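Counting begins at 1 with the first residue of the sequence. Order of listing sets the numbers, starting from 1, for every ligand and every atom in it. Note that the structure is predicted; figures quoted are calculated from it, not measured.
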Amino acid sequence: MRALCWEGAGELAVRQVPDPELRNAGDIIVRVRRSATCGADLPLLSGRTPFLAAGDVLGHEFLGEVVEVGAEVRGHRPGDRVVVCAAVACGSCWYCRQGLYASCDNGSPTAARAEAAWGQPTGGCFGHPAALGGFAGSHAEYARVPYADTGAFRVPEPLSDDRAVFASDAAPSGWMGAELGGVRPGDVVAVWGAGAVGQLTAQAARLRGADRVIVIDRHPERLGMAERHAGAETLHFEHTDVPAELRERSGGRGPDVCVEAVGTDAAAGRSLADRFGAGRAERPIAVREAVYTCRKGGTVVVLGTFAGFVDTFPLGAIMQKGLTVHGARQHGQRYIPRLLNMMARDQLATEHLATHRLPLEQGAGGYALFRDRADGCVRTVFTP
Ligand SMILES: NC(=O)c1ccc[n+]([C@@H]2O[C@H](COP(=O)([O-])OP(=O)(O)OC[C@H]3O[C@@H](n4cnc5c(N)ncnc54)[C@H](O)[C@@H]3O)[C@@H](O)[C@H]2O)c1
Ligand SMILES: [Zn+2]
Ligand SMILES: [Zn+2]
C-alpha cells in the first residue's frame, strides 16, 4: 500500500510499504478514508523526537471502513464506518477501568521507553514511533487497529466523514480540557492556542455553560473561526497585553479556568530564559502565562504536548496561588460515543477545521501548509 513516510528532519515522502495484517485476535484492519494532521506531529516532523526512523508512517487522527476483523472482535464487521481513537488502550487494565485510557498499562509495546522517560509506562498512540508504542500511523491506505472493541467507534449514518474524523483526537482532547478544568456555568475560561484542539476546547467550555470563553493566538483566521464556531472572544497575543486583558475581562481576578493548547511550538517567548533556553529544553511559554494569569484557586490544564523538561516553570506561583494543574493525553475512549452523538445532533460542528483536503500524494505539501499555517490552514485532511 502507499503511505506517507517520515524520511528525516522536515522530509516526508509517499512510499510503497507492506500492507498491515491482523496480529492479534482483537485487531481490525481499516481502509483509511480521512486522516488529519495534528499539532503533535510537528515535533515529530522536525526531527526533534528521539527514536523516529526513516520510513515511519505518521498520522493518528483518522476514520475509515473496516475491511478485516480478528477472531475475537465483537463490535465491528467489515463494511462498518469507524472513527478510531488516536490513543491505543487495552480496555481492561486497572487504568482503563478507571477511564484513564491514555495511561493504559498494555497499550504500548515500547513501554520501557516511556518508563525511562516518565517513570511509568503509558498507553500508545498511532503514528508515534517514539515512546508511544511504535504503531504505524494513519496517513496510509490501511491501518491496523489493536484492541478494536475499545478504540474503534461506529459512526452514525448522517454524520459526514469530515465532521466525524475529529472525534478521533481533537474533539476528545478539547472536551477533556474543559472537563479537567471543571468548567461550570458562569466561569470565565481562557484558552491558549486556536488550533483545532484550542477551538474545540472553547466549544466544549461553551457547551458546559461557561459565561465567557477567551481564545488567544496570533493567526486572525484561526481566531475568526473561534469567534464564529465557538462563540468565543479572542485576543491576538502580539497586539495585546494578554494577562492585563484577561484580568479586565474577569472582574479583575483572572480566568477561573486556563487551558493551554499550544505545546512546544509556542511562539513569542518574551523572557531571556526563553531565548537562551531555545533548543535546550521545551519552552512552556503559554503554560507560564496561564499560571500567572489564572485567578487564585483556579485550574490550569495543559493539553499541549510536552515530552521532557521545561525551563522556568513557575512552581512558586502554583503553590502561592493555590492552583490546580492538570495535564493529560486524551482519554478519548471515554468521550467519543458522546461526542459522536453531539455531532449527529448538530450540537458540535467540526468540519470547518478541515481547511485543506488533499490526496496522500500531496502529503509533504499538506504538512508544509499546516506547519507554516499558510493559506489559513488549520488541519490538512488526507483522503488516501
Ligand atoms: N492532550 C492531548 O491528548 C493532545 C491531543 C492532540 C493535540 N495535543 C497537543 O495540543 C497542542 C495543540 O494542538 P493543535 O493540533 O491544535 O496544534 P496547532 O499547532 O494547530 O495549534 C497551536 C496554536 O498555538 C498557537 N500559539 C503559539 N504560541 C502561542 C502563544 N504563546 N499563545 C497562544 N497561542 C500560541 C499557534 O499560533 C497555533 O495556532 C499541540 O501541542 C498538540 O501536540 C494534545
Ligand atoms: Zn493529535
Ligand atoms: Zn488498559
Side-chain angles (χ1 to χ4, degrees), residues 36-44 58-62 85-108 121-128 137-138 147 150-151 166 168-177 180 190-201 215-223 225-226 234-238 240 242 259-270 274 282-290 301-307 326-333 353 355 370-373 377-380:
T37 60
C38 171
D41 297 329
L42 295 177
L44 299 170
L58 300 186
H60 55 270
E61 187 162 29
F62 67 108
C85 182
V88 179
C90 76
S92 52
C93 72
W94 187 88
Y95 287 97
C96 286
R97 291 199 310 274
Q98 315 304 310
L100 301 171
Y101 291 94
S103 304
C104 173
D105 268 339
N106 303 315
S108 167
T122 66
C125 183
F126 291 94
H128 274 72
S138 56
Y147 307 114
T150 298
F166 293 105
S168 167
D169 190 30
S173 301
W175 193 266
M176 184 185 73
L180 290 178
V191 180
W192 278 257
V197 174
Q199 290 192 39
L200 289 170
T201 304
V215 176
I216 302 135
D217 205 303
R218 62 167 170 178
H219 295 292
E221 325 80 57
R222 290 181 172 213
L223 292 173
M225 272 187 182
T234 57
L235 297 177
H236 190 302
F237 67 73
E238 289 173 336
T240 320
V242 172
V259 183
E260 185 270 0
V262 174
T264 54
D265 282 322
R270 294 180 191 92
D274 290 319
E282 295 169 330
R283 298 181 303 156
I285 292 165
V287 179
R288 203 187 306 129
E289 198 163 74
V301 181
V302 181
L303 291 180
T305 303
F306 292 89
H326 285 280
R329 286 183 15 235
Q330 53 108 347
H331 307 299
Q333 287 84 349
L353 302 165
T355 49
F370 173 63
R371 181 197 57 208
D372 303 337
R373 289 79 166 91
C377 184
V378 177
R379 282 274 197 265
T380 301

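- Annotation: side chain of V301 is not in contact with side chain of T201 (no heavy-atom distance under 4.5 Å).
- Close contacts of ligand 1 with G263, meaning ligand atoms under 4.0 Å from a residue heavy atom, involve 41 (O).
- The main-chain N or O of C85 is never found under 3.5 Å from a side-chain atom of Y101 such that the two would form a donor-acceptor pair.
- In this structure a side-chain-to-backbone donor-acceptor pair under 3.5 Å is missing from T380 to T37.
- Atoms of ligand 1 found under 4.0 Å from any heavy atom of S173 (numbered from 1 in listed order, with element): 2 (C), 3 (O), 4 (C), 5 (C), 6 (C).
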Q: Decide side-chain contact (heavy atoms from CB on, under 4.5 Å) for D169 and C38; before the verdict, give the C-alpha distance in whole Å, the side-chain angles of both, and the deciding distance to 0.1 Å.
A: CA-CA 9 Å; D169 190 30; C38 171; 3.6 Å; yes
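- Side-chain contact check for L223 versus V215: some heavy-atom pair is nearer than 4.5 Å.
- Using a 4.0 Å cut-off to heavy atoms of V197, the atoms of ligand 1 that qualify are 6 (C), 7 (C), 13 (O), 14 (P), 15 (O), 16 (O).
- When H236, R218, Q330 are ranked by how near their heavy atoms come to atom 2 (C) of ligand 1, first place goes to Q330.
- Judged by distance alone, the side chain of T305 and the main-chain N or O of A40 form no donor-acceptor pair under 3.5 Å.
- The shortest N/O to N/O separation between W192 and ligand 1 does not fall below 3.5 Å.
- Numbered from 1 in the order shown, with element, the atoms of ligand 1 that lie under 4.0 Å from a heavy atom of R379 read 14 (P), 15 (O).
- Test V287, V259, V242 against W192 for side chain to side chain contact (heavy atoms under 4.5 Å, CB included) and you get one pass: V242.
- In this structure a side-chain-to-backbone donor-acceptor pair under 3.5 Å is missing from R283 to G263.
- In the candidate list V262, T264, V215, V262 is nearest to atom 26 (N) of ligand 1, counting heavy atoms.
- Around the Zn ion (ligand 3), protein N, O or S atoms at less than 2.8 Å comprise C90 SG, C93 SG, C96 SG, C104 SG.
- A donor-acceptor contact shorter than 3.5 Å is absent between the side chain of Q333 and the backbone of G151.
- Against a heavy-atom cut-off of under 4.0 Å, F370 is close to the following atoms of ligand 1: 20 (O).
- Of all the heavy atoms of E289, none lies under 4.0 Å from any atom of ligand 1, so neither backbone nor side chain is involved.
- Put simply, the side chain of R329 never gets that close to the backbone of T122: no donor and acceptor are under 3.5 Å apart.
- Looking only at distances, no side-chain donor or acceptor of S173 sits under 3.5 Å from a matching main-chain atom of Q330.
- Relative to the six-membered ring of F370, R373 meets both conditions, a distance below 6.0 Å and an angle of at most 45° to the axis.
- If you check each of H331, R288, R373, H60 against atom 19 (O) of ligand 1, the one with the closest non-hydrogen atom is R373.
- No part of V242 comes within 4.0 Å of ligand 1, judged by heavy-atom distances.
- When heavy-atom distances to ligand 1 are checked against a 4.0 Å cut-off, Q199 has no atom that comes that close, whether in backbone or side chain.
- Compare A36, C38, A286, A328 by their heavy atoms: the one nearest to atom 7 (C) of ligand 1 is in C38.
- Counting only distance, with no hydrogens or angles, the side chain of R218 and the backbone of H236 share no donor-acceptor pair below 3.5 Å.
- Using a 4.0 Å cut-off between heavy atoms, A170 makes no contact with ligand 1 at all.
- Around the Zn ion (ligand 2), the protein atoms of type N, O or S that sit closer than 2.8 Å are C38 SG, H60 NE2, D169 OD2.
- When heavy-atom distances to ligand 1 are checked against a 4.0 Å cut-off, A40 comes that close through both its backbone and its side chain.
- In this structure, E289 contributes its side chain and I285 its backbone to no donor-acceptor pair below 3.5 Å.
- Within the listing of ligand 1, atoms 16 (O) sit less than 4.0 angstrom from a heavy atom of A196.
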